[in-house]
Number of protein chains: 2
Amino acid sequence: MLQYQPLDVAFQALSDPGRRAMVERLSQGPASVSELARPLPMTLSAVVQHLQVLEAAGLVKSQKVGRVRTCSLEIGAIARIEGWIAERRRFWDQQYDQLEAYLAETAPQEPDR
Amino acid sequence: MLQYQPLDVAFQALSDPGRRAMVERLSQGPASVSELARPLPMTLSAVVQHLQVLEAAGLVKSQKVGRVRTCSLEIGAIARIEGWIAERRRFWDQQYDQLEAYLAETAPQEPDR
DNA sequence: TAAACACTTAAGTCAATGCTACAGTATCAG
DNA sequence: CTGATACTGTAGCATTGACTTAAGTGTTTA
C-alpha cells in the first residue's frame, strides 16, 4: 500500500529547465499550449508531455475550450515545496543559533582583536 | 558553451525520498555516512552514491577525518531554490491582486446576495 | 466543404538513474 | 599483527526520462 508522495513528483517536475520555463511563464498568467511552446527549442509534442508531468505534479492545471487548452499555475504544490524548505531552514537556523550561543558562552572574553 | 544550472541538479537531488531523508537528517546537524545510512532501506554503497548527488548539487558538504566522513548541510543551494520559488510566488500573488482589484472595480455594487 | 489550427496519441530511440553485489583501501582497537 | 570498521569504486542491470516522427481528432476560418 504505497503512499502518494507529492514532493517527489513536484521536485522532479521542476528539475527540468524546460518545465521550469513553463512554470515561470505561467507564474505571470495563464497561457495556451502553443504560447508555452513558442520560446522552447522542442516539438509541440514534447511540450504536451512536459505539461502532463506538471499537471501530474499538481503544479499546473488546464482546461480546454474549443481547440485551445489554457494552462495556469496551481499554487498548492508550490506551497508544499515552500513548506518543506521552510522546515529545513528552521532546523538549520536553530542549529546555527545554538552554535552562536555556545561560542558566546565559552569565549565571552572578547572578539579576537 | 553550456551554462551550469544549479537549480536543475538541486531540484533533481531533492526529488528522491531517500536523499530528502538525508537532507532532513542533516538539517538537524552533521552526521557520518553510516548514521545517514542506518534508517534507510538500502546498502551503504547506494547511500554513498546519493551523497555524491547531494554534494554535486551543492546541498551537502563533507570532510573525512580518520575513517569517518562527516556530512553537513550547505544552506546555499537551499537558498537558491527558496529564491526561485519566492520569485514565482511574487508574480503569482501580484496577478492574484490584480484579479481582485479588477473584480472590485467591475462589480462594486455588493457581494452576491 | 476544404484547409488550416491547436492540440493529442502512440511508437520508438537513446541516455540517465537507482539500485545491488563484490572487491577493494585506509583507519583504529586489542 | 589481526580483525573489525567505515567507507570507496566499479560492474552490471532493470527502469525511467526526454525527446522525435508520424498519424490522428476535434474546431474554426475562408
Side-chain angles (χ1 to χ4, degrees), chain A residues 2-26 29-72 77, chain B residues 2-26 29-72 77:
Chain A
L2 287 180
Q3 170 96 28
Y4 168 57
Q5 300 284 23
L7 284 179
D8 289 27
V9 285
F11 276 123
Q12 169 68 28
L14 293 176
S15 72
D16 184 89
R19 282 191 300 253
R20 271 204 317 282
M22 296 183 208
V23 168
E24 286 166 11
R25 168 64 189 78
L26 290 176
S32 72
V33 176
S34 309
E35 278 166 8
L36 288 176
R38 197 162 305 125
L40 298 174
M42 61 181 81
T43 63
L44 185 64
S45 224
V47 170
V48 170
Q49 286 170 50
H50 282 306
L51 234 19
Q52 285 167 1
V53 173
L54 289 170
E55 287 211 47
L59 287 159
V60 163
K61 64 177 190 289
S62 73
Q63 56 180 347
K64 197 164 183 176
V65 175
R67 58 185 169 174
V68 177
R69 177 172 297 278
T70 301
C71 309
S72 53
Chain B
L2 285 180
Q3 171 94 30
Y4 167 58
Q5 300 281 22
L7 284 177
D8 288 27
V9 284
F11 276 123
Q12 168 69 26
L14 292 176
S15 72
D16 184 89
R19 282 191 300 251
R20 271 204 316 283
M22 295 184 208
V23 169
E24 285 166 13
R25 168 65 189 79
L26 291 177
S32 72
V33 176
S34 309
E35 277 166 9
L36 289 175
R38 197 163 304 124
L40 298 174
M42 60 180 81
T43 64
L44 184 63
S45 222
V47 170
V48 170
Q49 288 170 49
H50 281 305
L51 232 23
Q52 285 166 0
V53 173
L54 288 169
E55 288 211 47
L59 286 159
V60 163
K61 65 177 189 287
S62 74
Q63 56 181 348
K64 197 164 183 174
V65 176
R67 57 184 170 174
V68 177
R69 176 171 297 278
T70 301
C71 310
S72 54

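Below, chain A is the first sequence line, B the second, and so on; all start at residue 1.
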ask   = Can you tell if the side chain of B:L54 reaches within under 4.5 Å of the side chain of B:M22, non-hydrogen atoms only?
value = yes
key: Value in whole Å for how far the P atom of D:dC7 lies from CG of B:L40   = 14 Å
query = Got a second to check how far A:R38's CZ is from A:S32's OG, nearest 0.5 Å?
reply = 6.5 Å
request  = Could you check A:V65 against A:L44 and say which one's nearest nucleotide on DNA chain D is further toward the 5' end?
outcome  = A:L44
remark   = Nearest heavy-atom approach of B:P30 to B:R25 is O-NH2, 3.4 Å
key: d(CG, A:D16; C1', D:dG17) in whole Å   = 9 Å
query = Can you tell me how far the CD atom of A:E35 sits from the SG atom of A:C71, to the nearest 0.5 Å?
reply = 9.5 Å
request  = I would like to know whether B:L44 and B:V33 meet side-chain contact (heavy atoms from CB on, under 4.5 Å); could you show each step before the answer?
outcome  = CA-CA 8 Å; B:L44 184 63; B:V33 176; 3.7 Å; yes
query = Counting just side-chain N and O atoms, does B:K64 come under 4.0 Å of either OP1 or OP2 of D:dT8?
reply = yes
Distance-only donor-acceptor test, B:R67 side-chain atoms vs D:dT5 base atoms, 3.5 Å = yes
message = Just N and O in the side chain of A:S45: are any of them under 4.0 Å from OP1 or OP2 of D:dT20?
response = no
task = Check every atom of D:dT8, D:dC19, D:dG9 against the side chain of A:H50 and return the nucleotide holding the closest atom.
result = D:dC19
query = Quick one: CD on A:Q12 to CD on B:Q12, what's the gap to the nearest 0.5 Å?
reply = 5.0 Å
Any A:L26 side-chain heavy atom under 4.5 Å of A:L59 side chain = no
Strand-adjacent residues in residues 31-39 of chain A, judged by heavy atoms under 4.0 Å from DNA chain C = A:S32, A:V33, A:S34
query = Could you give all pairs that pass the salt bridge (Lys or Arg N to Asp or Glu O under 4.0 Å) test and reach residues 5-22 of chain A, with sequence neighbours left out?
reply = A:D8-B:R20, A:R20-B:D8
query = Starting at CZ of A:F11 and ending at P of D:dT16, how long is that distance when rounded to a whole Å?
reply = 22 Å
Terminal contacting nucleotides, 5' and 3', DNA chain C versus chain A (heavy atom, 4.0 Å) = C:dA4 to C:dA10
task = Write down the distance between CD (B:Q49) and C1' (D:dC13), rounded to a whole number of angstrom.
result = 13 Å
request  = To the nearest 0.5 Å, tell me how far A:L40 CG sits from A:H50 NE2.
outcome  = 8.0 Å
inquiry  = Expressed as a whole number of angstroms, how long is the span from B:Q63:CD to D:dC7:C1'?
reply    = 16 Å
